[in-house]
Amino acid sequence: MTRLVLLGPPGAGKGTQAARLAETLQVPAISTGDIFRANVREGTELGVTAKRYMDAGEYVPDSVTNAMVADRLSQPDAARGFLLDGYPRTAEQVVELDRVLAAQDAALDRVVEITADTDEVVTRILKRSAEQGRSDDTEDVVRRRLELYTEQTAPLSATYEQRGLLVRVDGMGAVDDVTARLLDAIGVPA
Ligand code: AMP
């Protein structure tokens with residue numbers, strides 16, 4: 001049973017690493033950004049709401065995001081564990097995640113913060129923008145997303161550190177090397 005949260009700035013490689021860890025750990029990688037993007041593609045009401053915020057680099061309101069995550073974590077495949085990528089991002093989301101897990105008699109095992117320097121992160125995002133054409137990877141929007149991360153999300157690592165749950169992993173370097181460091185940090189033999 002593995003319940004993990006991946007923290008880290010946009011462009012730190014959370015999505016790539018989450019997919020790899022999920023495969024090894026045999027638990028679903030749950031990315032709130034991916035769920036929002038799927039809803040945008042499908043033109044759902046949630047997608048229409050989320051797109052307004054995403055395209056501006058703002059956070060989708062907690063009420064909307066929390067309801068979506070509570071629903072996702074209640075799916076049967078998440079009962080065996082999960083890897084959250086991109087959630088929680090605000091103090092209120094931390095409270096909601098605690099509530100959802102407590103209701104299932106569950107708790108987080110580990111919170112992994114992937115660290116990356118700002119220059120590298122911006123380079124990676126601009127490269128991704130060229131490759132994938134994400135509508136929120138433009139320079140102004142990227143700047144806003146990094147600003148929000150610093151203001152609202154980076155402080156969450158202190159919250160989890162106080163709970164004794166936090167491990168920090170250097171996200172710089174080759175993808176395979178970062179994966180190996182992550183597995184080591186969560187105590188899984190490579
Ligand atoms: P990501 O793919 O994680 O970079 O997320 C892309 C965008 O989706 C973010 O810039 C936000 O607009 C929105 N988003 C994703 N996760 C959250 C969250 N936990 N809270 C609020 N907004 C979110």
Side-chain angles (χ1 to χ4, degrees), residues 3-22 28-75 78 82-101 108 111-116 118 120-157 159-160 171 178 182:
R3 297 187 180 91
L4 295 176
V5 164
L6 277 191
L7 281 179
K14 291 190 301 299
T16 304
Q17 296 297 339
R20 292 172 149 232
L21 295 182
I30 300 175
S31 154
T32 42
D34 282 351
I35 302 175
F36 284 134
R37 280 184 288 278
N39 276 275
V40 170
R41 274 197 305 277
E42 289 156 18
T44 67
E45 201 177 317
L46 174 67
V48 172
T49 302
K51 187 171 169 34
R52 292 209 312 271
Y53 296 95
M54 293 168 82
D55 283 353
E58 301 295 334
Y59 285 170
V60 178
D62 286 333
S63 56
V64 175
T65 308
N66 283 338
M68 181 178 89
V69 172
D71 178 66
R72 181 64 187 86
L73 291 179
S74 73
Q75 305 292 313
F82 53 77
L83 215 159
L84 280 171
D85 157 19
Y87 182 95
R89 264 175 155 102
T90 67
E92 207 176 309
Q93 293 179 12
V94 170
V95 172
E96 171 68 2
L97 179 59
D98 288 341
R99 193 193 64 73
V100 169
L101 292 179
L108 291 176
V111 175
V112 186
E113 182 178 28
I114 304 185
T115 59
T118 311
E120 176 66 23
V121 153
V122 171
T123 309
R124 284 188 188 182
I125 295 180
L126 294 178
K127 185 163 166 263
R128 179 173 73 188
S129 160
E131 286 165 5
Q132 300 177 3
R134 256 177 67 164
S135 59
D136 61 345
D137 277 345
T138 62
E139 202 171 329
D140 281 357
V141 173
V142 167
R143 196 170 302 127
R144 178 62 185 150
R145 284 162 57 208
L146 285 168
E147 197 175 85
L148 267 182
Y149 183 82
T150 304
E151 281 170 11
Q152 300 210 29
T153 307
L156 306 184
S157 63
T159 305
Y160 288 121
V178 178
L182 285 164

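Along the sequence shown, the residues carry numbers beginning at 1. As the structure lists them, so they are numbered: ligands from 1, and atoms in each ligand from 1. The shown structure was predicted, so the numbers you read here are calculated from the model rather than taken from an experiment.
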Give every pair formed by an N or O atom of ligand 1 and a protein N or O atom closer than 3.5 Å, one pair per line with both atom names and the distance to 0.1 Å, or write none.
{"unit_1": "ligand 1", "atom_1": "2 (O)", "unit_2": "R37", "atom_2": "NH1", "d": "2.9"}
{"unit_1": "ligand 1", "atom_1": "2 (O)", "unit_2": "R37", "atom_2": "NH2", "d": "2.9"}
{"unit_1": "ligand 1", "atom_1": "3 (O)", "unit_2": "R89", "atom_2": "NH1", "d": "3.2"}
{"unit_1": "ligand 1", "atom_1": "3 (O)", "unit_2": "R89", "atom_2": "NH2", "d": "3.1"}
{"unit_1": "ligand 1", "atom_1": "4 (O)", "unit_2": "R89", "atom_2": "NH2", "d": "3.4"}
{"unit_1": "ligand 1", "atom_1": "4 (O)", "unit_2": "R134", "atom_2": "NH2", "d": "3.4"}
{"unit_1": "ligand 1", "atom_1": "12 (O)", "unit_2": "E58", "atom_2": "O", "d": "2.7"}
{"unit_1": "ligand 1", "atom_1": "16 (N)", "unit_2": "T32", "atom_2": "OG1", "d": "2.7"}
{"unit_1": "ligand 1", "atom_1": "16 (N)", "unit_2": "G86", "atom_2": "O", "d": "3.4"}
{"unit_1": "ligand 1", "atom_1": "16 (N)", "unit_2": "R89", "atom_2": "NH1", "d": "2.8"}
{"unit_1": "ligand 1", "atom_1": "19 (N)", "unit_2": "G86", "atom_2": "O", "d": "2.9"}
{"unit_1": "ligand 1", "atom_1": "19 (N)", "unit_2": "Q93", "atom_2": "OE1", "d": "3.0"}
{"unit_1": "ligand 1", "atom_1": "20 (N)", "unit_2": "Q93", "atom_2": "NE2", "d": "2.9"}
{"unit_1": "ligand 1", "atom_1": "22 (N)", "unit_2": "V60", "atom_2": "N", "d": "3.0"}

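- The number of heavy-atom neighbours closer than 6.0 Å to CD of E151, taken from other residues, nucleotides and ligands shown, is above 12.
- A donor-acceptor pair shorter than 3.5 Å cannot be found between the side chains of Y59 and T65.
- Between the CD atom of E139 and the CG atom of L126 there is a distance of 6.0 Å, given to the nearest 0.5 Å.
- Taking CZ of R128 as the start and CD of E131 as the end, the distance is 10.0 Å to the nearest 0.5 Å.
- In this structure, NZ in K14 is found 13.0 Å from CG in L21, a value given to the nearest 0.5 Å.
- To the nearest 0.5 Å, the span separating CG on L46 from CD1 on I35 amounts to 9.0 Å.
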